[in-house]
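Just below is one structure, and these are the notes that go with it.
Computed from a predicted model, the values in this text were never measured in an experiment. Naming: A, B, ... by sequence-line order, numbering from 1 per chain.
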There are 2 protein chains.
Amino acid sequence: MKLSVRGEYALRALIVLGLDYIEGDSVVRIHEISTRQNIPKRFLEQILNDLKSAGVLESKRGIAGGYRLKRAPENITLAEVIRHIEGPLAPVSCVSERFYEKCSCPNEDKCAIRSVMKEVRDAIVKILEDVTVAQMCERVKKLQGTQANPLDYII
Amino acid sequence: MKLSVRGEYALRALIVLGLDYIEGDSVVRIHEISTRQNIPKRFLEQILNDLKSAGVLESKRGIAGGYRLKRAPENITLAEVIRHIEGPLAPVSCVSERFYEKCSCPNEDKCAIRSVMKEVRDAIVKILEDVTVAQMCERVKKLQGTQANPLDYII
DNA sequence: AAAAATGTCGATTGATATAGTAGAGATTAA
DNA sequence: TTAATCTCTACTATATCAATCGACATTTTT
């Protein structure tokens with residue numbers, strides 16, 4: 001699958017936004033996410049905007065602007081996010097459900113590689129479709145204890 | 001993980017060589033593998049040579065030359081092959097056992113993404129470390145019936 | 001109305017990886 | 001000696017990735 005840096009940044013940003021998520025209109029600035037997660041700001045801009053167009057985030061402009069989750073973190077799976085940012089989860093596109101592409105092998109239906117890669121795909125999808133942003137936030141809390149860890153911030 | 005074309009070609013070639021594998025000195029020409037599997041010949045040359053230096057294949061030069069498996073197909077796992085051709089199986093190198101690299105997140109030990117990606121890595125590795133070239137050949141036979149399928153060859 | 005802090009959008013860049021090609025050489029069997 | 005093979009190194013074209021930039025739009029505060 002090989003997650004790109006872009007995809008990793010997306011997930012890191014979503015954790016920040018997930019931890020911040022409260023019903024209400026609270027919003028987090030790009031700059032804050034960038035600083036807390038050590039992500040180049042201009043690059044992060046693109047990514048957040050992309051997640052907005054995916055319907056994962058919403059934004060507020062102007063001086064008190066920023067981003068927040070558009071949906072509850074329980075309803076955002078890693079699979080959805082990664083698919084939107086990176087494309088197929090499958091190791092080869094000839095076994096991808098949503099991004100299928102014919103491959104160059106002589107007979108796709110009877111291809112042994114394909115059958116193995118389908119297993120790999122299923123294993124990946126099973127995990128990534130199960131894990132939500134909310135669960136990632138849980139893990140963060142469990143791993144770090146309930147109070148914010150100073151190391152989470154760049155000084 | 002995103003298998004590259006190079007990696008896929010390597011596996012396709014290994015299936016041909018696995019099916020051909022008999023104790024003895026029988027050898028398959030690059031040209032034949034290239035034709036049967038629809039792989040650019042000069043590109044395949046590199047790949048087979050690479051698998052040779054990995055200790056997976058051996059070769060014979062000269063007019064009756066070609067390649068064959070150096071070890072029994074039961075002892076060659078897909079994990080080994082892909083790792084040699086492509087590098088890490090893990091989606092991010094900060095969870096790779098053999099190709100570990102530090103990532104840019106603020107605190108790697110307490111990183112939630114890392115913990116998910118570790119699960120993904122384990123799932124991938126479990127499959128790919130289990131499946132051998134011999135098993136791939138079994139699957140081919142099962143999928144195609146015991147006699148060679150004409151579609152296997154480019155006419 | 002103006003200023004300042006934010007998000008928005010499209011283009012550009014530099015580095016690296018990928019897929020493939022090319023040429024000259026070494027080895028072996030007939 | 002010839003012809004068919006593998007071997008080795010280099011090259012190239014294209015795509016992708018990570019990041020940067022500039023100009024613009026929106027909103028709040030003063």
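In this structure, the CD atom of B/Q46 is 9 Å from the C1' atom of C/dT21, given to the nearest Å. The CG atom of A/L48 sits 13 Å away from the C1' atom of C/dT6 (whole-angstrom rounding). A/I30 places its CD1 atom 12 Å from the C1' atom of C/dC9, with the value rounded to the nearest Å. Following rounding to the nearest Å, B/L3 (CG) and C/dA17 (P) show an atom-to-atom distance of 17 Å. Going from atom CG of A/N49 over to atom C1' of C/dG7 covers 8 Å, rounded to whole Å. B/D50 places its CG atom 13 Å from the C1' atom of D/dT7, with the value rounded to the nearest Å. Regarding A/L57, its CG atom lies at a distance of 14 Å from the C1' atom of C/dT8, rounded to whole Å. At whole-Å resolution of the value, CD in B/E45 and P in C/dA26 are 16 Å apart.
A salt bridge links B/R71 with B/E80: the distance from a Lys NZ or Arg NE/NH1/NH2 to an Asp or Glu carboxylate oxygen falls below 4.0 Å. The residues A/R12 and A/E8 are annotated as salt-bridged, a charged nitrogen and a carboxylate oxygen being separated by less than 4.0 angstrom. Between B/R68 and B/E58, at least one side-chain nitrogen of the basic residue sits less than 4.0 Å from a carboxylate oxygen of the acidic one, meeting the salt-bridge criterion. Using a cut-off of 4.0 Å between Lys/Arg side-chain N and Asp/Glu carboxylate O, A/E32 and A/R36 are scored as salt-bridged.
A sub-4.0 Å separation between OP1 or OP2 of D/dA19 and a side-chain N or O of A/Y9 is present. Checking the phosphate oxygens (OP1, OP2) of C/dT6, no side-chain nitrogen or oxygen of A/S59 falls inside 4.0 Å. For the OP1/OP2 pair of D/dT16 and a distance below 4.0 Å, the side-chain nitrogens and oxygens of A/S4 include no atom meeting the criterion. Distances shown here put every side-chain N or O of A/R61 at or beyond 4.0 Å from the OP1 or OP2 atom of D/dA25.
With D/dA19, D/dC6, C/dT21 as the choices, the nucleotide that has an atom nearest any side-chain atom of B/Y67 turns out to be D/dC6.
At a threshold of 4.0 angstrom between heavy atoms, the contacts of B/K52 are confined to the sugar-phosphate backbone, with no base atom among them. A/G62 comes within contact range of at least one nucleobase, with a heavy-atom separation under 4.0 Å.
Side chains of B/S26 and B/D20: a donor-acceptor N/O pair is present below 3.5 angstrom, by distance only.
Comparing A/R42 and A/A64 by the nucleotide of DNA chain C that holds the closest heavy atom to each, the one mapping nearer the 5' end is A/A64. Nearest-nucleotide assignment on DNA chain D puts the 5′-proximal partner with A/R6, out of A/K60 and A/R6.
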